[in-house]
There are 2 protein chains.
Amino acid sequence: MDITLHAAAQRLLEADHILILSHQSPDGDTLGCASALLRGLRQLGKQAGFRCSDAVPKKFEYLFAGLEEQASSPVFVVSVDIADQQLFGAGLAEYLERVDLCIDHHGTNSRFAKECYVEPGAAAACEIVFLLLQEMKVEITPEIADCLFTGLCTDTGCFRYGNVTPRTHRMAAELIERGAQAAEINRVMFDTKTRGRLEVERCALQGMSFHFDGQCAFMYIPRKLVDDFAVEEGELDGLAALPRQVEGVLAGVCVREKKDGSLKVSLRTNAPLNAARICEAFGGGGHNAAAGCAFQNCTIEEVKEKLLAEIQRHLEGCKS
Amino acid sequence: MDITLHAAAQRLLEADHILILSHQSPDGDTLGCASALLRGLRQLGKQAGFRCSDAVPKKFEYLFAGLEEQASSPVFVVSVDIADQQLFGAGLAEYLERVDLCIDHHGTNSRFAKECYVEPGAAAACEIVFLLLQEMKVEITPEIADCLFTGLCTDTGCFRYGNVTPRTHRMAAELIERGAQAAEINRVMFDTKTRGRLEVERCALQGMSFHFDGQCAFMYIPRKLVDDFAVEEGELDGLAALPRQVEGVLAGVCVREKKDGSLKVSLRTNAPLNAARICEAFGGGGHNAAAGCAFQNCTIEEVKEKLLAEIQRHLEGCKS
């Protein structure tokens, strides 16, 4: 059932022994939400804990600095930035049917919890948690401000994307006033690459090929490249965006070889090409500008040929 | 003489036949200021024109869309985002001693004009022009909002850097409300590379070398690379930032071979290394985190050897 922000705040104020859940492959928004809420609940004197199916990536560890574990059985379970039960991950299976409150900003939220507050217009779930904490009269400390700012900046590509609203910027302003170390967080999130990431990036760029008068850019990341440099999944964020960044490119393709040998395709398009339409031809899907599909038991040469043929068909369709 | 923002607005309200000057090698801030002010002055019924020593780069042409030339001899000259007379460029030599009002945000402004309004705390000169236009009761149209937003986002690396203040974010919020096409401007400024730029970048990355246990990253961009791909100066923005982005790097060096054969060094450092101190050893200078110097009649091998030796000396100095 959908409830108001005020009601969501009331539930949390009335509860104790609260467990906060983040989605698997956690990002800055789900972790920023979790830590901000955890800190807020403890500030109010409550017992509160946090769980995620995957470990907190190293670059987000600062979000949890100074927070000690509290051993208590959860009585009230709240999920943050989780759109669907598929995103719980194996480690949170026991909570699949036990979520009391779901706080989220995905329009596709499947309403898996007893009660939900979902605001699809929010650029980041951290925008909602900010409002929620204010509703709960939590003092926004510099630590909480850091957490919330992390969610805002990571989910918006540092205030770059179309999901940014005037409210997003006004919240950023307020969080900086409350002590968020904005420039340092931005530097870590947007101006820092691991050496492994750099190596993968330069090899991938080296092999990037252009087709159809530069309207399609194609990049391939073999498993060996990732293994050779011992690169973790999180270090590859944003790589799929590189091909479409090139001027004149309408279809930017990034193919990654996964551990099981399958080939995972990320397609980014500019109008008039529609990424979802192209990926649907291969059983995939997604959004107008970003979609994906996967191939089993195919060589990269076969996959490249199939994708390029489909992209060409769509490019020609746009002309007519 | 320094004057208040109110007085600066009064001067402009009292003037007519106003010429606005931007600095050479114009960027999004100086051009955003110029176009916003030009549009504001014309909205108030004034004759106003614009000049810059260099052509407006293609990616900034939208700032001047719909603005027609007005042929009139300037009676009042105002410079925007120009810190020093050296930045006028050859094309504006006739105005060197003729600037009535200087609007700027550089702490180093040399006060070359009759009257100056300089606010070093502003992240972009466009912040000041926004305040100025409001003071002059100019209506912030969507076109003006686009111009001002362009200055804000380009001078802050899309709200990433330490110069961003709460005011910067609040102004961005207001400009979006006034119709600024923020996401589209950000896409063009931060998510678009020319094909030539990509080619230079991938060659430069390919050749990037690491030294002193990864504490120094060294990149070289020979003239031939830039010539081969017919890359313009403006397309190389931000390349010098790449070496320092790699985790663990304290000194990121980018050396570019210029047309005259000289080698221009851009050095970016992280604390405790001081970029200005290192460049001073070669007659250069700059800031703590970003500095530069130049070498004449040297091979890249010689320059690399000299720079690495100096950097090593400073790295060892930090240890002790």
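Basis for what follows: all heavy atoms, side chains included, without hydrogens, waters or symmetry-related copies. Predicted, not measured: the structure shown is a model, and the values here were computed from it. The chains referred to below are lettered A, B, ... by the order of the sequence lines, with proteins before strands, and numbering in each begins at 1.
- In this structure, CG on Asn270(B) lies 5.0 Å from CZ on Arg187(A), to the nearest 0.5 angstrom.
- A 4.5 Å side-chain heavy-atom check between Ile221(B) and Leu239(B) finds at least one atom pair inside the cut-off.
- Between Phe149(A) and His169(B), the ring-plane angle classifies as perpendicular under the 30° and 60° cut-offs.
- Of the listed residues (Ala241(B), Cys203(B), Pro166(B)), the greatest number of heavy-atom pairs within a distance under 4.5 Å of chain A belongs to Pro166(B).
- Comparing Glu174(A), Met171(A), Glu177(A) by how many heavy-atom pairs each has under 4.5 Å with chain B, the most go to Glu177(A).
- Chosen from Asn163(B), Leu198(B), Ile185(B), the residue pairing most often with chain A at heavy-atom distances under 4.5 Å is Leu198(B).
- Between chain B and the residues Asn186(A), Leu175(A), Ile176(A), Leu242(A), the most heavy-atom pairs under 4.5 angstrom are made by Asn186(A).
- Ranked by heavy-atom pairs under 4.5 Å with chain A, the first of Arg195(B), Glu247(B), Arg170(B) is Arg195(B).
- For the pair Tyr161(B) and Asp155(B), the minimum side-chain heavy-atom distance is 4.5 Å or more.
- Heavy-atom distances place both the backbone and the side chain of Met208(A) under 4.5 Å from chain B.
- The cationic atom of Lys304(B) (NZ for Lys, CZ for Arg) does not lie both less than 6.0 Å from the six-membered ring centre of Tyr220(B) and within 45° of the ring axis.
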